[in-house]
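Because the structure is a prediction, the values reported are computed rather than measured. Proteins come first, then strands; the chains are lettered A, B, ... in the order of their sequence lines, and each starts at number 1. These numbers come from the heavy atoms of this one structure, side chains and all, not from hydrogens, waters or symmetry mates.
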Amino acid sequence: MNTTYDPSKESEIYKAWEDSGFFNPDRAPKKPRKAPPRSKPRKISSRGKQKVFSMVLPPPNVTGILHMGHAAMLAIQDILIRYHRMKGDKTLWIPGTDHAAIATQEKVEKEIYKKEGKSRHDLGREEFLRRVEQFAKESHDHIVRQTKRMGASLDWSREAFTLDEARTRAVREAFKRMYGAGLIYRGGRIVNWDPKLQTTVSDDEIEWKEEKASFYYFKYGPFEIGTARPETKFGDKYVVMHPKDGRYAKWKDGQKVELEWINGPITATIIKDGAVDPAFGTGVMTITPWHDATDFEIAERHKLDKEQIIDLRGKLLPIAGEFAGKKITEARPLVVEKLKAKGLLVKTDENYTHRIATSSRGGGTIEPQILTQWFVDVSKKFTLQKPLKGSGLKEIKGINPRNEISLKELMYMAVRSGQITILPKKFNKIYFYWTDNLRDWCISRQIWYGHRIPAWYHESKCIPRQGHEADVAKCKEVIVSDVKPKCEFCNAEFTQDPDTLDTWFSSGLWTFSTLGWPFGKAQGKPFDSAPFDKAQGGHGKPSKDFLMYHPTSVLETGYDILFFWVARMILMSGFLLGDIPFKTVYLHGMVRDAQGRKMSKSLGNIIDPLVMAEKYGADATRLSLIIGAAPGNDMKLSEDRVRGYRNFSTKLWNIARFIRMNEKPEFASLRSRYTAEDKKALVKALSIQKRVERSINTFRFHEGAELLYHYVWHELADKIIEREKKRLQGEHMAHAGTAHALLRELLRISITALHPFMPFVTEAIYQELYASEAKGDLLMIQNW
RNA sequence: GGGCGGUUAGCUCAGCGGCAGAGCACUUCGUUUACACCGAAGGGGUCGCAGGUUCAAAUCCUGCACCGCCCACCA
């Protein structure tokens, strides 16, 4: 043994684990062995009463490489997995990656533009997708290598991808069922349009940025209105005020007013609506329903006309008269100029800051637009799926399967009922608040990379087939299908919706699309030939994996995707299975740099976990991400910290080396000679192990890790070993043997308890000191 | 505007009713059956501020200040 632990061997250790097959719970020994095995591990013939522990890995985006946040996630989850595996539970951890639709597409688009100066439209859909897939594959391979390097004991035989065949079947089945239940609808609604990426984005993908702007007050007939966006005011013909605003009491709802506006005289209508804040500006505003969410809602309430002012490229439409074709940013000062010339500008407030919506993906300014999109209706009532007998599906507490419920209520109840526990607790309130205020989820995206929406549109020209001349009116306009449908009555073709689905639609299915769902006919067949499950609402025969591992035990992820992902998984499994996707949600904090900033490429403050692992070992990297990070709190990471834990690896290694150096051939039988002090030391070690166990069970990993760090360094090394040196070098060989036996046993307890935290060094030590010749004798599967 | 969290040693953070803790940094000493990526000894704190509850408060309650985050339709 060398004086320092050599982390470059970690890849070999990982390979030994992987080759053993024990990452796969079907191949892992049912009960970990206490004694070295004499023969090959027993195969499990029946489920028996073995406890099950299952998790899915939150699939990293195939947009590049893993960062420290991923490393922290892998470390925490691997602790849970290794602990449960050593406890003897049937333990499954499913790996996978996320196609991350918009994020990946954008990344590749940028790259192609940079290298070749071409846009995706220049390449065409097919060629562009080929490029994205190529990129995604390379990215995937890199991510898998990194994940293994961190020691994550995932069952690679079950690896999944949110855009592979099996998951595509799941997505289409889910879409079809939700459409069938009326929970997915297509409609004209106000959406967040990103003129830069030419796609809609969801509410959650918006980043608000403060911007300084001028705030103008204009004369609008007898009123004065304030606005920061005069260039949108061309179509404004409604003037809105609060119904209880005394200043405007003489104006009646619906009353008409003739007035002079940007491009000439118009007739405006008075509208009274509570959404207006009397204290803001003049308490009067005009509305632009096509380009503002609040205005849209007011218009909906009062059934007002809506007119489009700005096109999808961000340019003004003919309604703007002389300004048509101009970009909105160009038009703004010109419009102000014109209104001023007409004497309608009252005053300008230069010190006005407002928040503008930008896309968190492309950074472009969001321009709300009314567009025909696909939505998930979160408020529509439906009857909850009734779990089939013997299917392993459980009812969601507090919801009678025969009662009607909305997705919103379902998401709320699954957590409120206590069936799903969110840790740390503080996130419960945030979750409830979110579900309470949830609006319909826009799921269509105008991008190419992703799950194509399985909806087909009837071409407008109907050429009735013979004998069906009278049926043309019955032709279905939209058919949801995974294959190209044919019209019953005419020869018209169907064309598929060009849009793709929001990436979270597919990741929402992750906990069960990775376990063999959809069941029945669709399972295992290429999706082109597999019809959607006809028995709408039927479950089919559940897969073995599903029965065994669903709902998953724990969902561990960053708090930043509580809404994006966690909530959507609850929604999806609630509707499609009538079940919860997981029992406990544990949310970890973000990893930040030493100054507390987010790690990002532009700041150049990214600490690459792979570099850390090469330099200091994966174990040290893992420990640095665990210790000092309280549940749900952000943590600051610096290389110093990692270095500190590398020293601990070395310390542990040297303890092992010292014990090996003092091997006494006769140690084996000397247990009975333990003194009272020896026994006390053993009891202490075991009690530490118990406390570590408790820390893992309560998701307080930093406590367990710190406890072990302390015990090993300042108790085992500094006190016990120093003390035992006397006995070891004494004349009395038997006493020396006893001392050695004690140290050996204490170290074994220590590395066992430490294994989930630092799998590599502990395995290396186990192989040096404890393993038998038998193949597959690994610390990884020793009894905890 | 609403909500949540933070404020503890020089730095990074645990602790969340019972004698103020860890890691890093710092000071002094040390070529000991492993380890200098080490050991021994040590310095360093009105636990943000002001009240309150309690035998006892960093910990519970109230208010305030500053910092951070999340949510929201102020045109």
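Under the salt bridge (Lys or Arg N to Asp or Glu O under 4.0 Å) criterion, A:Lys429 pairs with no residue, sequence neighbours left out. Listed by chain and number, the residues in a salt bridge (Lys or Arg N to Asp or Glu O under 4.0 Å) with A:Lys340 amount to none (sequence neighbours excluded). Partners of A:Glu715 by side chain to side chain contact (heavy atoms under 4.5 Å, CB included), not counting sequence neighbours, listed by chain and number: A:Lys684, A:Tyr711, A:Ile720. Taking the side chain to side chain contact (heavy atoms under 4.5 Å, CB included) definition, one finds that A:Ile266 meets it with A:Tyr220, A:Leu259, A:Trp261, sequence neighbours left out. With sequence neighbours excluded, no residue forms a salt bridge (Lys or Arg N to Asp or Glu O under 4.0 Å) with A:Lys219. For A:Ser214, the side chain to side chain contact (heavy atoms under 4.5 Å, CB included) criterion is met by A:Tyr216, A:Thr348, A:Glu350, not counting sequence neighbours. Among residues two or more places apart in sequence or in another chain, the side chain to side chain contact (heavy atoms under 4.5 Å, CB included) test is passed with A:Pro333 by none.
Checking B:A34, B:C37, B:A75 against every side-chain atom of A:Lys233, the shortest atom distance belongs to B:A75. For A:Ile655, taking side-chain heavy atoms from C-beta onward, the closest of the listed nucleotides B:U12, B:A75, B:A34 is B:A34.
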Detail all sub-3.5 Å separations between protein N/O atoms and N/O atoms belonging to nucleotides 20-27 of chain B.
from, atom 1, to, atom 2, distance (Å)
B:G23, OP1, A:His714, NE2, 3.3

Between the protein and nucleotides 1-11 of chain B, list every N/O to N/O distance that falls short of 3.5 Å.
from, atom 1, to, atom 2, distance (Å)
B:C4, OP1, A:Lys429, NZ, 2.9

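With the 3.5 Å cutoff on both pairing distances, Watson-Crick and G-U pairs in RNA chain B assemble into runs of at least 3 at B:1-7 with B:65-71, B:10-13 with B:21-24, B:26-30 with B:38-42, B:48-52 with B:60-64.
Comparing A:Phe280 and A:Lys719, the nucleotide of RNA chain B nearest to each residue sits closer to the 5' end for A:Lys719.
Here salt bridge (Lys or Arg N to Asp or Glu O under 4.0 Å) pairs that include residues 641-652 of chain A, with residues two or more places apart or in two chains, are A:Asp640-A:Arg643. Within the structure, every pair that satisfies the salt bridge (Lys or Arg N to Asp or Glu O under 4.0 Å) test and touches residues 288-298 of chain A, not counting sequence neighbours, is listed here: A:Glu297-A:Arg439.
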